[in-house]
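Structure, as structure tokens:
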Amino acid sequence: MIHSNEAATPQAAENKQAVCTGSEILLKALASEGVEVIFGYPGGAILPTYDEIYKLGMNHILARHEQGAIHAAEGYARITQKPGVCIVTSGPGATNVVTGIADAMMDSLPMVVITGQVATKVIGTDAFQEADMLGITMPITKHNFQIRSIDELAQTVKEAFHIAVSGRPGPVLIDLPKDISEKLGIFDYEEPVHLPGYQPTVKPNKQQIRKLLDKFKEAKRPVLLVGAGVLHAQASEELTAFARKFQIPVAQTLLGLGAFPGEEELHLGMAGMHGTYAANMALHKSDFLINIGSRFDDRLTGALEHFAPEACIAHIDIDPAEIGKNVHVEIPVVGDAKEALAMLLKGSGAIAKHDEWRKQVSDWKRDYPLWFHRDGEVIKPQELIQKLYEHTKGEAIVTTDVGQHQMWTAQHFKFNKPNRWITSGGLGTMGFGFPAAIGAQIAEPELPVLAITGDAGFQMTLQEMSILQELDLPVKIVIVNNASLGMVRQWQQRFHGERYSHSLFPIQPNFAKLAEAYNIKAVKVDKLSMLDEAIAETLAHSGPVLLEVCVAKEENVYPMVCPGTGHHCMEGVEPS
């Protein structure tokens, strides 16, 4: 804990506990938590902290907009599984990170966000650049704090990191008034975290695991549904071993991609609105569905009355609030996915054979694959994604924005390893993909990073090209340019009588000249015969590159489960 300087004693001096400002205490606490990089943007209320960052020489990445800073921190957190740290000032600086906080909350990313605040004596007076960050972020954080005394600062930081990474990960906000950051106190980071009201269940109940295994023994058509909870629990090895041991087909959510190797025979692909026919039909026809770490969101399930109508459902999740929230569950298992899978792997006894079922799902994969039709020299976005996979041999970290390009990437890029796929799932945040790639590249400097983005989403945070220029980060930006808000256009075509209200972009910037303004190499391609060469040139360059690929403007994402329908009512399915 922190004791104010007035309470400092000779005993403290004997313990060599240095007198520090609040800003020093904050940064010492961050260092004690092993923080290696901070993403942020300075301003008046947070200046004392930035002064200490300067003095201590901490690794700080200066974004060009606070939204870029927090999305970069999200990308860093997604790859490292450690909290991304973002520091911004009060008022507009703080409100500019609200979208990123909500995004991290929806996708369970561990984050510690530190916002400057006006001095304690003027809080509540509508002071210059004051914003009620506790009120604003209460619904979109796992927890939030406002520091009102120097005595509580260090322990609050320790609690924030504990909350962010334990149980279901999520963002935690610390609101730091300027006067607290300037006061003097004594740094003491030895007191352990003890939060009686916050004790996540990690070890699953043995009886519930036994019930799951007993049901599994009699199942004829079992399916594993895998969500991001498996990745957060670092349980990919256990999941893969479990699926292989019992030869269970595996469907994955958008955020669960990479938890199970995409090239495995048991892998059915992504399930949901734009999932594969095999994955969706397996869910629809299953008699025993084991959900591990997915929250059954609406884009996955479709109309709930049609979801897995023949299945007994087991749900393994570390967050008990998610179990039974959307879908009725017969076998609830609260606990960490890694612990649960380890217990399941130890389960003994005969398992019912389901050879016919495996043959059925294998036939679905073969007979109704993902498809697209070539059109001369026109580049189809699906083929672009396939070629990116081939050229990188699947070894790249891939980030996306939100929309058609996101779905095409999820469908056609096979993720064979965990923590190589970064996208905005729950909130669906445009502008996310490019800055997230920056955070990912900082986290993994030796791996290639592809920021696959739409022409619209890229324009929301393109100012972060300054970071690429400044640090010479070798991020490869791939703009899938269809001159529109592609998914909006597709929905207007399908559901709104082809009335394209403000979704088409007949006028666009010259992306190559934008890249040139930031001293970044640019490559543009609009013919299929030149695509391989353009990708090879992009990947061969040692520094950052902007690759603009002009694709078919009216291509749609298929297959599709339309809103209000079930997995058995897929549109755009074609036989092989």
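Owing to the predicted nature of the structure, the values given are computational and were not obtained by experimental measurement. Position 1 is the first residue of the sequence; numbering continues from there.
Looking only at distances, no side-chain donor or acceptor of W364 sits under 3.5 Å from a matching main-chain atom of P369. With hydrogens and angles ignored, the 3.5 Å screen pairs a side-chain donor or acceptor of N481 with a backbone N or O of A483. Within the 3.5 Å criterion, the main-chain N or O of I140 finds no donor-acceptor partner in the side chain of T137. In terms of modelled atom types and a separation under 3.5 Å, the side chain of N291 and the main chain of S294 share a donor-acceptor contact. At least one donor-acceptor pair closer than 3.5 Å links the side chain of Q81 to the backbone N or O of R78. Judged purely by atom type and a 3.5 angstrom limit, H274 uses its side chain to pair as donor or acceptor with the backbone of P559. Formation of a donor-acceptor pair under 3.5 Å by the K245 side chain with backbone atoms of L345 is found in this model. Without hydrogens or angle criteria, E383 side chain to I379 main chain gives no donor-acceptor distance under 3.5 Å. Although no hydrogens or angles enter the test, the distance criterion places a donor-acceptor pair under 3.5 Å between the side chain of Q490 and the main chain of V557. Distance alone, capped at 3.5 Å, places no donor-acceptor pair between the T423 side chain and the G425 backbone.
Under the 4.5 Å side-chain criterion, counting only non-hydrogen atoms from C-beta, V449 is not in contact with K476. Between D298 and L300 there is no side-chain heavy-atom pair separated by less than 4.5 Å. Counting heavy atoms from C-beta on, the side chains of V333 and I323 never come closer than 4.5 Å. Looking at heavy atoms from C-beta onward, P381 lies out of side-chain contact with Q404 at the 4.5 angstrom threshold. A heavy-atom distance below 4.5 Å is found between the side chains of P222 and H354. In this structure, the side chains of V223 and L283 come closer than 4.5 Å at one or more pairs of heavy atoms. Looking at heavy atoms from C-beta onward, V193 lies in side-chain contact with L195 at the 4.5 angstrom threshold. Counting heavy atoms from C-beta on, the side chains of F413 and Q386 never come closer than 4.5 Å.
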Quick one, D532 with K387, criterion side chain to side chain contact (heavy atoms under 4.5 Å, CB included). Give me CA distance, side-chain angles, the key distance, then yes/no.
CA-CA 7 Å; D532 280 302; K387 287 185 177 295; 2.9 Å; yes
Under the side-chain hydrogen bond (donor to acceptor under 3.5 Å, both in side chains) rule, what do D103 and T429 come out as? Steps first, then yes or no, please.
CA-CA 7 Å; D103 189 271; T429 304; 2.8 Å; yes
Run the side chain to side chain contact (heavy atoms under 4.5 Å, CB included) check on I397 and I422 step by step: do they pass?
CA-CA 8 Å; I397 292 172; I422 305 173; 4.1 Å; yes
Walk me through whether D317 and R295 qualify under salt bridge (Lys or Arg N to Asp or Glu O under 4.0 Å).
CA-CA 8 Å; D317 206 295; R295 57 188 178 83; over 6 Å; no
Could you check L109 against H232 for side chain to side chain contact (heavy atoms under 4.5 Å, CB included), going step by step and ending with a plain yes or no?
CA-CA 8 Å; L109 294 177; H232 295 315; 4.1 Å; yes
Report the C-alpha distance between L225 and I290 in whole Å, list the side-chain angles of each, state the deciding distance to 0.1 Å, and finish with yes or no for side chain to side chain contact (heavy atoms under 4.5 Å, CB included).
CA-CA 6 Å; L225 175 62; I290 307 173; over 6 Å; no
Begin from the C-alpha positions of H412 and Q382 and carry the test side-chain hydrogen bond (donor to acceptor under 3.5 Å, both in side chains) through to its verdict.
CA-CA 7 Å; H412 294 276; Q382 302 93 328; 5.3 Å; no
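Here CZ of R358 is found 10.0 Å from CD of E265. Values are rounded to the nearest 0.5 Å. To the nearest 0.5 angstrom, E330 atom CD is 13.0 Å from H315 atom NE2. For the atom pair NZ (K215) and CZ (F288), the distance works out to 7.5 Å, reported to the nearest 0.5 Å. To the nearest 0.5 angstrom, W491 atom CH2 is 8.0 Å from C562 atom SG. To the nearest 0.5 Å, atom CG of residue L231 and atom CG of residue N419 are 5.5 Å apart. Note: I318 CD1 to D336 CG = 4.5 Å, rounded to the nearest 0.5 Å.
Between E263 and H267, the side chains place no donor N or O within less than 3.5 Å of an acceptor N or O (distance only, hydrogens not considered). In this model, a donor atom of one side chain and an acceptor atom of the other lie less than 3.5 Å apart for H71 and E74. Residues Y500 and S484 have side chains that never bring a donor and an acceptor to within less than 3.5 angstrom of each other. A donor atom on one side chain and an acceptor atom on the other are not found under 3.5 Å apart for N482 and R489.
Considering K359, Q360, K365 as possible partners of D363, the one that fulfils the side chain to side chain donor-acceptor pair (under 3.5 Å) test is K359. Among the candidates D401, T399, V398, the single residue satisfying the side-chain contact (heavy atoms from CB on, under 4.5 Å) test with I452 is V398.
By the 4.0 Å N-to-carboxylate-O rule, D375 lies too far from K380 to be salt-bridged with it. R168 and E322 are joined by a salt bridge, as a carboxylate oxygen and a charged side-chain nitrogen come within less than 4.0 angstrom of each other. With respect to the salt-bridge test (charged N to carboxylate O, under 4.0 angstrom), the residues E356 and R221 do not qualify. A salt bridge links E264 to R244: at least one charged side-chain nitrogen sits closer than 4.0 Å to a carboxylate oxygen. Taking a cutoff of 4.0 Å between a charged side-chain nitrogen and a carboxylate oxygen, E395 and R420 qualify as a salt bridge.
Scanning both residues, Q411 and Y558, for their nearest heavy atoms gives NE2-O, 3.3 Å. Shortest non-hydrogen contact noted between A337 and I292 is CB-CG2, 3.9 Å. Scanning both residues, G347 and L213, for their nearest heavy atoms gives CA-CD1, 3.6 Å. Here the closest heavy-atom approach between residue K142 and residue Y198 is recorded as NZ-OH, 2.7 Å. Closest non-hydrogen pair, V378 versus A552, comes out as CG1-CB, 3.7 Å. The two atoms that bring Q252 and L257 nearest to each other are NE2-CA, 3.7 Å, heavy atoms only.
Classified by interplanar angle (parallel below 30°, tilted 30° to 60°, perpendicular above 60°), the ring pair F242/F216 is tilted. Ring orientation note: the planes of F307 and H567 are nearly perpendicular, at an angle over 60° on the 30°/60° scale. Between W421 and F415, the two ring planes are tilted [angle within 30° to 60°].
By the neighbour-count criterion of 12 heavy atoms within 6.0 Å, atom CD of E237 is sparsely surrounded, having that number or fewer from other residues, nucleotides or ligands. The environment of NZ in K553 is sparse: at most 12 heavy-atom neighbours from other residues, nucleotides or ligands sit within 6.0 Å. With a 6.0 Å radius and a threshold of 12 heavy atoms from other residues, nucleotides or ligands, Q207 has its CD atom at or below the threshold.
Both the sub-6.0 Å distance and the 45° axial angle are satisfied by K414 relative to the ring of Y389.
Between H568 and H306, the gap from one ring centroid to the other is short of 6.0 Å.
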